[in-house]
Amino acid sequence: MTESRSFKLPGNRPHFLSRLLETIETDIVPLTTRGVAAGNKVFGAALLRKSDLSLVLADTNNEIANPLWHGEIQCLKSFYELEERPGSDELIFLSTHEPCSLCLSAITWAGFDNFFYFFSHENSRDSFAIPHDLRILGEVFRLEDGRYNRRNAYWTCWSIRDEIDRLGDSERRPLIKRAARIDGLYEALSKVYQESKGDSAIPLR
């Protein structure tokens, strides 16, 4: 592979971004709410068909069962346990939080040519008090400020917030409102996790 795999954003970007936010709010958050109550982190993921943006599945962090079952990894695990499933080249990979180095590799090995995320690594560190993504990228891979290559021979990734900011005012307004609502939901989930994580056996809390 020498050239970036070609996945382009759909023409109707406001509709596409609205669908991603809807999936986070209605499909991932309920699962994460139960996961956090059990002691897991706030990260989740979903897979949608490129053809019609229908949901294939959503999942959430399950680190209390296995510290490797991050939201994205758990989602892929569930995906490959399906008896019938579409090819990864037919799917949108949606992550609530920018994937860590483990999950970046898993998305790559699973053959996805894209992923989208809502909260950045900096959000994970500063808003959710979970700094491990940036620390590992720096300590292990020597990537200053976590700056991995976001467009490469395997995939291209997008920040949902950045794409919303690129829209015109009238298109952006309802998406900003929904994004703010999602922010509030995750702020509440983070508070629950932070208050209980001292009792957790997860190695990197």
Compare all side-chain heavy atoms of [X] with those of [Y] and state whether any distance is below 4.5 angstrom.
X    : Y    : value
L175 : S18  : yes
T33  : L185 : no
D183 : F118 : yes
Y186 : H97  : yes
L102 : H70  : yes
L104 : F115 : yes
P86  : F79  : yes
R178 : E22  : yes

Can you tell me how far the [atom1] atom of [X] sits from the [atom2] atom of [Y], to the nearest 0.5 Å?
X    : Y    : atom1 : atom2 : answer
K41  : S200 : NZ    : OG    : 7.0 Å
L48  : S54  : CG    : OG    : 7.0 Å
N40  : K197 : CG    : NZ    : 14.0 Å
I92  : L9   : CD1   : CG    : 8.5 Å
D165 : I176 : CG    : CD1   : 6.5 Å
I130 : Q194 : CD1   : CD    : 6.0 Å

Looking at [X] and [Y], would you say the former's side chain and the latter's main chain have a donor-acceptor pair under 3.5 Å?
X    : Y    : answer
R150 : C157 : no
S95  : A45  : no
S159 : D162 : yes
T96  : G44  : yes

Check for me, please, whether [X] and [Y] land in the same ILVMFWY cluster - side-chain distances under 4.5 Å, paths through other members count.
X    : Y    : result
L53  : L94  : yes
L189 : L31  : no
F128 : V192 : yes
V140 : L68  : no
I164 : L20  : yes

task: Specify whether W158 and F116 have parallel, tilted or perpendicular ring planes, treating 30° as the upper limit for parallel and 60° as the lower limit for perpendicular.
output: parallel
If you look at every heavy atom in [X] and [Y], which pair is closest and at what distance?
X    : Y    : result
S101 : I136 : OG-CG2, 3.5 Å
T32  : F43  : OG1-O, 4.4 Å
F16  : P10  : CD1-CG, 3.5 Å
A46  : I28  : CB-CD1, 3.8 Å
L57  : C75  : CD1-SG, 3.4 Å
I73  : A106 : CD1-CB, 3.2 Å

message: side-chain contact (heavy atoms from CB on, under 4.5 Å) for T60 and V42? Distances and angles first, verdict last.
response: CA-CA 8 Å; T60 194; V42 297; over 6 Å; no
query: Take atom CD in E187; do more than 12 heavy atoms of anything else shown fall under 6.0 Å from it?
result: no
If we count only N and O atoms by modelled type, under 3.5 Å, do the side chains of [X] and [Y] hold a donor and an acceptor together?
X    : Y    : value
E98  : Y148 : yes
T156 : R151 : yes
N123 : S120 : yes

message: Quick one, R205 with D199, criterion salt bridge (Lys or Arg N to Asp or Glu O under 4.0 Å). Give me CA distance, side-chain angles, the key distance, then yes/no.
response: CA-CA 10 Å; R205 298 192 291 271; D199 299 325; over 6 Å; no
task: Mind jotting down which residue pairs meet the side-chain hydrogen bond (donor to acceptor under 3.5 Å, both in side chains) criterion with at least one end in residues 125-142? Sequence neighbours excluded, please.
output: none
query: For R147 and E122, what are the C-alpha separation, side-chain angles and deciding distance, and is it a salt bridge (Lys or Arg N to Asp or Glu O under 4.0 Å)?
result: CA-CA 11 Å; R147 296 300 94 184; E122 290 77 15; 3.1 Å; yes
message: Applying salt bridge (Lys or Arg N to Asp or Glu O under 4.0 Å) to K77 and E81, what does each step give before you reach the verdict?
response: CA-CA 6 Å; K77 178 177 179 292; E81 289 170 351; 2.8 Å; yes
- prompt: Y80 ring centre to R85 NZ or CZ under 6.0 Å, with the angle to the axis within 45°?
  reply: no
message: Let's go through E90 and R49 carefully: what are the C-alpha distance in whole Å and the side-chain angles of both, what is the deciding distance for salt bridge (Lys or Arg N to Asp or Glu O under 4.0 Å) to 0.1 Å, and is it a yes or a no?
response: CA-CA 6 Å; E90 301 174 48; R49 289 181 175 85; over 6 Å; no
- request: Let me see the working for Y117 and I160 under side-chain contact (heavy atoms from CB on, under 4.5 Å), right down to the final yes or no.
  value: CA-CA 6 Å; Y117 63 89; I160 296 172; over 6 Å; no
- request: Begin with the C-alpha distance, continue with both residues' side-chain angles, and end with the deciding distance and a verdict on side-chain contact (heavy atoms from CB on, under 4.5 Å) for N114 and W155.
  value: CA-CA 5 Å; N114 72 87; W155 40 255; 5.6 Å; no
message: The test is side-chain contact (heavy atoms from CB on, under 4.5 Å); show your working for K177 and R173 and say whether it passes.
response: CA-CA 6 Å; K177 184 177 180 180; R173 197 172 300 115; over 6 Å; no
